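Computed from a predicted model, the values in this text were never measured in an experiment.
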Amino acid sequence: MLRGEEDPLNCILQINAGAGGTESCDWASMLLRMYLMWAEKKGYKVKELDYNAGDMAGIKSVSIQIEGDYAYGYLKGENGVHRLVRISPFDSNAKRHTSFASVYVYPVVDDTIEIDIKPADIEISTSRSGGAGGQNVNKVESKVQLTHKPTGIVVVCQVERSQLGNRELAMKMLRSQLYEMEIRKRNESKAAVEEGKMKIEWGSQIRSYVLHPYKMVNDHRTELKITNAEGVLDGDLDELIKTYLMALGGKQYHKN
């Protein structure tokens, strides 16, 4: 199931709330909780890299680093759009709402992998970190944003207390994203012949979590349906992950 050269690596997982305001921001926070609980059950270490709170509740976006054996290999299938259907706790009329949030997972490359980044291709900006913290917060411009001009990739980091620390970590995040892009380029020819099969691209709706009028989590790629929706949201993802990886590995095996 985990034969990819990048599968054994740590990973960075990003969650972005979709359109829908508070409802989607709350859904993004539920997804973050789900992945944090899954990582805790696996014995993985988690480090928050960036956090952008919602205006009323939840989160607009968040980036976390997950450290552990095969973290990327297990989570790579989480890429895509996650859909929630429920009675909204923010609707006084108790109507059913549908919310969306996007998940993006990419491997953390180690220092042995060469990724050439030209200084002229990077635009760096700094600002004051937000949120709770010590006396340093909101007084020193320690938050760092890197923009890679050739690809348009934007990386933000504010977890470290110093600008230098955030800059180094942001560069590592940028290198990881560029590496992930290279991996995708290598696999483009393979993906072309997989048309009509399971999609793993960013932007595809991969899974629905229905809490009303019935309870079910449905993975649209494998058609695996789990009625214990609460368990999945509490981090019980292994069955979903394993089923996806086995199906993906089986298709690759038969193709080869």
- [ ] Mark yes or no for whether T147, through its side chain, and K149, through its backbone, hold a donor-acceptor pair below 3.5 Å.
- [x] no
TODO: Output, in order, the C-alpha distance, side-chain angles, deciding distance and verdict of side chain to side chain donor-acceptor pair (under 3.5 Å) for E23 and S88.
DONE: CA-CA 7 Å; E23 191 70 36; S88 171; 2.5 Å; yes
TODO: Report yes or no: is the cationic atom of R83 (NZ for Lys, CZ for Arg) under 6.0 Å from the centre of the six-membered ring of Y209, at an angle within 45° of the ring normal?
DONE: no
Open item on the list: Between the side chains of D55 and K60, is the shortest nitrogen-to-carboxylate-oxygen separation below 4.0 Å, so that they form an ion pair?
Closed with: yes
Open item on the list: Looking only at the aromatic ring of each residue, does the gap between the centers of Y104 and Y106 stay below 6.0 angstrom?
Closed with: yes
Open item on the list: Less than 4.0 angstrom from a charged side-chain N to a carboxylate O is my criterion; do D50 and K143 meet it?
Closed with: no
TODO: Would you please test D238 and W38 for side chain to side chain donor-acceptor pair (under 3.5 Å) and show each step?
DONE: CA-CA 8 Å; D238 283 348; W38 175 83; 3.0 Å; yes
Task: Lys/Arg-Asp/Glu bridge criterion (N-O < 4.0 Å) met for E230, K215 - done: yes
Task: Pair R207 + D219, salt bridge at N-O below 4.0 Å - done: yes
TODO: May I ask you to say whether R86 pairs ionically with D26, meaning some side-chain N is under 4.0 Å from a carboxylate O?
DONE: yes
Task: Pair R167 + E160: basic N to acidic O under 4.0 Å - done: no
Open item on the list: Within the structure provided, determine whether S61 and N52 are in side-chain contact (heavy-atom separation under 4.5 Å).
Closed with: yes
TODO: Inspect the contact between K76 and E78 and indicate whether a charged nitrogen and a carboxylate oxygen are less than 4.0 angstrom apart.
DONE: no
- [ ] Check the hydrophobic clustering (I, L, V, M, F, W, Y; side-chain heavy atoms under 4.5 Å; chains of links allowed) and say if M34 and Y51 are grouped together.
- [x] yes
